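Whatever order the structure lists them in is the order used to number ligands and atoms, beginning at 1. It should be emphasised that the depicted structure is a prediction, and the values quoted were computed from it without experimental measurement.
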Amino acid sequence: MTEYKHKDRKPSRCEVSKKCGGCQYIDVPYDEQLVKKQRQVERLLKGFGKVRPIIGMDQPLHYRNKVHAVFDFRKGRGIISGIYQERTHNVIPVEGCLLEDEKADQIILSIRSLAKSFKIKTYDEDTGYGLLRHVLVRVGHATGQIMVVLVLGSSIFPSKKNFVSELCKLHPEITTIVVNVNNRRTSMVLGDKEQVIYGKGYIEDILCGRTFKISPKSFYQVNAVQTEILYQKAVEYARLSGKETVVDAYCGIGTIALTAAGQAGKVIGVELNRDAVRDAVANARVNQVKNADFYQNDAGRFMRQLAEAQEKVDVVFMDPPRSGSTEEFMDALLCLRPARVVYISCNPETLARDLQYLNGNKQQEKRGVKGRINGEERRESQRNLKEKRENRILYRVEEITPVDMFPFTDNIEAVCLLRRNNC
Ligand code: SAH
């Protein structure tokens, strides 16, 4: 793991970058990207606590282990696959991407040519006719297992068997193929119905020495190399002694919970997505982790229930989506009073907002806008405020480490350690 010391790597320009809009930094040397991200994190978060240097990648290309392609038909060109032009539903053909796993990209190109030879019609979003809508490929970084999800507009897939056998002949590295049926006029990629047409219906990957089962709909970090670094940092921040009760909120398939379980007394994971929770339970079993329980629930509601039941919680990991956490969650957190909170964030702006809340600043703000008051009233109100702040358990940010999970894009991931004041 190198911090900050990267050779200039001039990425070749991507011909669709302007239309795609996914790589804001495609033509910026990698070292400069890291400097930009470091500056941005410092600008937003320095006021809360110490920001450590960003941890970058030694080889920042082709890191995405999850690849999505949308399929369409173009007159004169036939079947195309690629990406939606930014903020539109126009499909831009893509032959390969600098960020994506190269094998996954090759599989998508093979599906494109097989679709032509099998005369499979692509789905038309306007009329709702046609079959092939999207393809999703997921690659297990450490295991090499590959899952192909064919998203179809209908559950009737003629010549399915031959298609599968031709595809596996071209790519024997594929370990499973799943059909997902999405016949709704929606911009969501995946529909509800699934049928496994080859292999087990999921892949496994190994992270931090544990094996993880990943289903088509479960969230799994897209950059496995940096995820290991991120989790190691998160667990290091938790300073577990083997006795603690730990909550892993927004736990996905249980990756952080199961990484930490060996160093904790008990781990409780909570996650909204049913499939992910099912994977988390299976993952605990596969890894013979006996001290982890997983619940399907809204993380805020679950935390409130824990607080109402006056459960004892020592450490909380929280890894919410880009929108950040909720006041319900954080109010419950403040009631539960864990000694340490490890906040993993993929959006420094919502992280800043939530840190402000946990610092107790919101209360101060609300009380600050009181209008004109005389000197005695002001002193009285300041005394009240001080008392309230002292009574309320507030959290102090001890350290923040940005980890570059998304090279060539302007997305920033950071892990942040908060400690309860007075402990
Ligand atoms: N910690 C996991 C997942 C982080 S992504 C990992 O590192 O892999 C955020 C997760 O929060 C997703 O799995 C998403 O399904 C889940 N999520 C989103 N909103 C939620 C909510 N309100 N309550 C619980 N989980 C939620």
May I ask you to check if ligand 1 and [X] share an N or O to N or O distance below 3.5 Å?
{"X": "N273", "answer": "no"}
{"X": "D248", "answer": "no"}
{"X": "Y250", "answer": "yes"}
{"X": "P320", "answer": "no"}

- prompt: What atoms of ligand 1 come closer than 4.0 angstrom to any heavy atom of G252?
  reply: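 Answer, ordered by atom number: 2 (C), 3 (C), 13 (O).
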
- prompt: Applying a 4.0 Å heavy-atom criterion (strictly less than), which segment of D298 is in contact with ligand 1: side chain, backbone, both, or neither?
  reply: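 The part of D298 near ligand 1 is both the backbone and the side chain.
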
query: Does ligand 1 have a heavy atom under 4.0 Å from the side chain of A276, from its backbone, from both, or from neither?
result: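 Contact part for A276 vs ligand 1: neither.
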
Option with minimal heavy-atom separation from [atom], where the choices are [options]:
{"atom": "atom 25 (N) of ligand 1", "options": "I214, L230, L272, T259", "answer": "L272"}
{"atom": "atom 24 (C) of ligand 1", "options": "S325, A299, P321", "answer": "A299"}
{"atom": "atom 6 (C) of ligand 1", "options": "Y295, Y220, Y231", "answer": "Y231"}

task: Flag the pair E399 and R52 as a salt bridge only when some basic side-chain nitrogen lies within less than 4.0 angstrom of an acidic carboxylate oxygen.
output: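 Salt bridge: yes.
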
- request: Report the residue from I92, I83, N90, T88 that forms a side-chain contact (heavy atoms from CB on, under 4.5 Å) with K19.
  value: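 Passing option: I92.
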
- request: Considering only non-hydrogen protein atoms, determine which one is nearest to atom 10 (C) of ligand 1 and report residue, atom name and distance to 0.1 Å.
  value: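 Nearest protein contact, heavy atoms only, for atom 10 (C) of ligand 1 is E271 OE1, 3.6 Å.
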
